[in-house]
Every structure is written in C-alpha cells, then in structure tokens.
There are 2 protein chains.
Amino acid sequence: MASSDSDVRADYSDTERQIFDAALRVFARKGKDGARMQEIADAADINKAMLHYYFRNKETLYAEVFAFTMHRFRASFGASLKEAPTFEETLRVFIEGYVEFVRSNGDAMRLMVNENLAGGTLLGEHLRRMKEDGQAPPQILIEKVEAAVEAGEIRPVDPHHTVLSVISTCIFFFVAKPTVREMHLEGDSWNAFVEDRKQHLFDLLYHGLAPRPDA
Amino acid sequence: MASSDSDVRADYSDTERQIFDAALRVFARKGKDGARMQEIADAADINKAMLHYYFRNKETLYAEVFAFTMHRFRASFGASLKEAPTFEETLRVFIEGYVEFVRSNGDAMRLMVNENLAGGTLLGEHLRRMKEDGQAPPQILIEKVEAAVEAGEIRPVDPHHTVLSVISTCIFFFVAKPTVREMHLEGDSWNAFVEDRKQHLFDLLYHGLAPRPDA
DNA sequence: GTCTATATCTCGATAGAC
DNA sequence: GTCTATCGAGATATAGAC
C-alpha cells in the first residue's frame with residue numbers, strides 16, 4: 001500500500017462517497033475557489049460541520065476529490081478500451097467508449113477542464129503518473145495510431161495532433177453543452193444528439209485518416 | 001443607439017479598458033465566484049475602491065466584462081472571415097483565423113468556457129442575438145458547409161456536427177493547454193506546436209470532408 | 001478621480017452539547 | 001457521528017478626506 005506518496009485510498013465509507021459525489025458536482029461547476037462548503041454540504045445532504053469532520057478543510061477535500069476523480073478516470077477508461085483487429089475498429093471503439101465515458105462522467109470532465117483553466121497545479125503530478133503507467137487513454141491511442149501509420153492502414157499523420165483532435169471532438173461538445181444546446185439544438189433531445197455525434201465523429205475522423213487512393 | 005436593451009457601450013475610457021483587461025484575466029481563470037476584487041484591482045494596477053467607483057459591484061463588473069468580450073468576439077471574428085472561392089480555401093482560412101483568434105484571445109475563450117461550466121446563465125441572451133444577426137462564426141460556417149454539400153464539393157455531412165467538430169479542434173487544445181503541454185510537448189515550443197496544429201487540422205478535416213472517389 | 005479607513009457580510013473552520 | 005452556535009479571517013462594498 002506504500003507504493004506511492006499520493007496513492008488513492010480505496011476504503012472510502014458510504015458517507016465519504018456521498019460527499020465526493022456532491023463535492024465533485026460543485027467543484028466541477030464553480031472551481032476550487034468558487035465552490036462553497038455550504039453548497040457542497042447541502043448537495044451531500046449533510047451538515048456543514050460534517051464536511052470538516054470527514055475532511056480537514058476545503059483544500060484537502062478538493063485535493064482528494066481531484067485525485068479520486070483522476071483515479072476513477074484511469075481505471076474506468078482503461079477497462080473500456082478493448083483490443084480491436086483493425087484501426088477502423090479501434091477508432092470506432094475509442095469514440096464509443098470516450099463519448100460514453102464523457103456522457104456518464106460529465107462532472108469529472110468539467111473538473112479537469114476547470115483545473116486546466118485555473119492553471120492546473122494539481123494536474124502535473126497526476127498526468128506524469130498516467131504517462132509513466134502508460135495507462136492514459138491518449139497514450140494508448142497514440143501508440144495505435146503510430147502502428148496504423150507504420151502498417152499503412154492510415155495516412156502518415158502526426159500521432160500527437162491526431163489523438164488530440166479525436167479527444168477534442170469527443171469532449172468539447174460536452175464541456176460547452178449550454179452553448180451547443182442554444183446553437184445546434186432546437187428542442188431536439190440531447191441524447192439523440194450524442195448518438196448522432198458518435199456516428200458523425202467516426203465518419204469524419206475515419207475519412208480524415210484513411211489513405212487516399214490518389215496519393 | 002437604443003437598438004437593444006443590452007447593447008455594449010462603445011465609449012469606455014482608458015481606465016475602464018484597463019480594468020476590463022485585468023478583470024477578464026482573473027474571471028477567465030477563476031470564474032465569477034472564484035475571482036477576487038482585490039486580485040482584479042492589483043492586476044489593473046489601481047486601488048480596490050476604484051473598481052467600485054467605475055463599476056458598482058462584482059456582479060455588474062462581470063456582466064459588463066462578459067458582454068464586452070462577446071461583443072469583441074463577434075466583431076473581431078466577423079472581420080477575419082474573408083470570402084474564398086472554394087470550400088478548401090474557406091476551411092483553410094477559417095482554421096487559420098480561428099486558431100489565431102484563440103491564440104491572441106485566450107482569456108476570452110477561457111471566460112466563455114468557464115461560463116459554460118458554471119451553467120451559462122449569461123450565455124443564452126448573447127448567443128440568441130448572435131444567431132439572429134447571423135454574425136456568429138458557427139452560423140457563417142454552417143451555411144458554407146451546406147452550400148459545399150449542395151455543390152458536391154464535400155461529402156454529405158451534417159453541417160452542425162461538422163462545424164462543431166472544426167471548432168472543437170481549434171479551441172480545445174488551447175483550453176486544456178496545461179494538459180497538452182504535459183502530454184504532448186517535451187520542452188518543445190508552444191508556438192511551434194500551434195503552427196503545426198493549424199496544418200494538421202486542415203489536413204485531417206479536409207480529407208475528412210472531401211468526397212471519396214469510390215463512393 | 002484617488003486613497004485610507006472602516007463598515008458589513010459571507011464563508012471557512014471550530015467548540016462543545018448531545 | 002451529528003448538530004447548533006459562534007468565532008475569526010477575508011471578502012465586498014461604502015464613507016469621507018483630499
């Protein structure tokens with residue numbers, strides 16, 4: 001258990017998880033400084049004093065919520081990435097997995113984006129660890145893109161930019177959900193929009209990467 | 001001048017613009033609730049009391065900064081979008097213009113994303129106005145995509161999803177700059193990365209949209 | 001218009017009864 | 001473990017001299 005100085009505890013109680021959910025919801029929308037302990041307590045349906053009983057202060061609460069969220073992100077995502085025979089299948093599975101992850105972990109995404117906007121002091125350590133573990137979703141996909149280029153399955157593209165583009169298109173529409181609703185949806189259902197989006201992204205990216213007959 | 005109830009004043013003094021710049025910098029990173037008036041005053045290099053002299057309170061300061069930022073966004077961007085003979089040129093010009101805009105208006109982007117994360121109460125009105133004016137960058141590009149589909153210049157894609165994808169790839173890497181630095185840059189220059197990205201995005205999206213010979 | 005001082009209030013944090 | 005009451009820091013906002 002003493003593997004790394006900032007490992008994530010696995011034995012959170014029910015109340016603690018309840019607090020985590022509430023804290024994540026608030027931190028994700030308002031950021032660390034904008035969030036109010038009272039609002040978190042209300043969302044968790046507990047007394048404000050209990051927050052300080054379980055977590056010394058706001059700073060540690062935020063740090064633990066962030067670490068726990070990143071931990072879940074790695075675990076949940078690694079599991080969703082299956083092996084696929086062709087790059088076409090890999091791309092389809094990745095988009096499906098990523099969009100679904102984003103859909104059901106919206107606040108985790110918002111938290112990470114918020115941390116980026118604020119300067120990302122906490123990100124560094126976590127990202128470095130993800131990179132070293134090779135567990136990061138980007139890292140995995142980058143290698144697959146490299147292999148696909150090597151095998152001539154796709155055009156000779158820059159793996160880093162390519163993966164960044166795939167991820168951007170899977171996340172941004174969700175981060176900017178209020179804007180997207182206003183600009184692109186006129187009373188249509190959000191869920192239907194997300195389903196359409198998965199298909200669109202696969203088409204766009206697949207054709208964007210596939211080799212050109214004339215090239 | 002009484003065109004609309006929430007029009008943006010055009011006669012801001014030098015001091016007021018100085019405050020706007022500082023306020024935008026802070027609001028963009030910390031959000032409305034996370035920002036501190038003292039920090040804004042320091043960044044603007046004026047006394048904290050002066051903030052309240054020029055703007056009654058935090059709420060109105062934020063509202064005016066947001067409105068002014070959206071106004072500048074519309075104006076600055078509309079001007080950068082030139083007519084182009086082919087869709088290929090349109091796409092290239094759009095990416096160049098958008099990425100450059102994002103690069104030199106990073107805090108404006110961060111502010112909008114922050115507002116989206118927080119729920120986007122202020123966005124609604126502004127976006128609706130942009131849509132009605134037809135001035136919105138997305139709106140303009142959507143029409144060009146529709147026309148290009150019609151003319152057979154590109155594959156029959158959904159214009160809304162397509163434009164959303166273009167915009168996502170132009171903005172997200174910037175919003176997540178700290179993460180991108182950590183994951184994709186190893187001491188390389190950010191400016192060089194941005195230049196590479198413009199080229200990559202054009203390639204990826206152009207091939208993603210171009211008609212298939214075999215289709 | 002500018003600054004100091006201060007009023008007012010909100011929020012994070014703790015004490016202490018149960 | 002839970003709650004009420006409250007302290008004290010820090011934030012917004014204002015008063016008033018210059």
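Each chain gets a letter, A, B and so on, in the order its sequence line appears, and its residues count up from 1. All values below come from the heavy atoms of this structure, side chains included, with hydrogens, waters and symmetry mates left out. Everything numeric in this text was worked out from a predicted model, so none of it was measured.
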Report the nucleotide, chosen from [options], that has the shortest atom-to-atom distance to any side-chain atom of [X].
X	options	answer
A:Y54	C:dT14, D:dG1, C:dT2	D:dG1
A:Y53	D:dT4, D:dT2, D:dT12	D:dT2
A:K58	C:dA13, D:dA15, D:dT2	C:dA13
B:N57	D:dT4, D:dA13, D:dG1	D:dA13

Taken in chain and number order and not counting sequence neighbours, the residues that satisfy side chain to side chain donor-acceptor pair (under 3.5 Å) with B:R72 are none
Between [N] atom [atom2] and [X] atom [atom1], what is the distance in whole Å?
X	N	atom1	atom2	answer
B:Q18	C:dG1	CD	C1'	13 Å
B:K48	D:dG10	NZ	C1'	10 Å
A:Y62	C:dC11	OH	C1'	19 Å
B:M50	D:dT12	CE	P	17 Å
A:N47	D:dT4	CG	P	6 Å
A:L51	D:dG1	CG	P	15 Å
A:F55	C:dT14	CZ	P	15 Å
B:L61	D:dA11	CG	C1'	15 Å

In residues 29-40 of chain B, which ones come under 4.0 Å of DNA chain C, going by heavy atoms?
none
In terms of heavy-atom contacts, does CG of B:D14 have more than 12 from other residues, nucleotides or ligands at under 6.0 Å?
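No - once you tally the heavy atoms of other residues, nucleotides and ligands closer than 6.0 Å, there are 12 at most.
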N-O pairing of A:R110 and A:D107 below 4.0 Å
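Result for this pair is yes, salt bridge flagged.
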Full working for side-chain contact (heavy atoms from CB on, under 4.5 Å) between A:F66 and A:H126:
CA-CA 10 Å; A:F66 189 81; A:H126 292 286; 3.5 Å; yes
Distance test, side-chain N/O of A:H52 to OP1/OP2 of C:dA13, below 4.0 Å
yes
Contact nearer the 5' end of DNA chain D, comparing A:S13 with A:A49:
A:S13
Is it the case that the side chain of B:D21 and the backbone of B:A44 share a donor-acceptor pair, with hydrogens and angles ignored and the cut-off at 3.5 Å?
no
Quick test of your reading: applying salt bridge (charged side-chain N to carboxylate O under 4.0 Å, His left out), list the pairs with at least one residue in residues 57-69 of chain B, sequence neighbours left out, ordered by first then second residue.
B:K32-B:E59
Quick one: is the NZ or CZ of B:R17 closer than 6.0 Å to the six-membered ring centre of B:Y12, and within 45° of its axis?
no
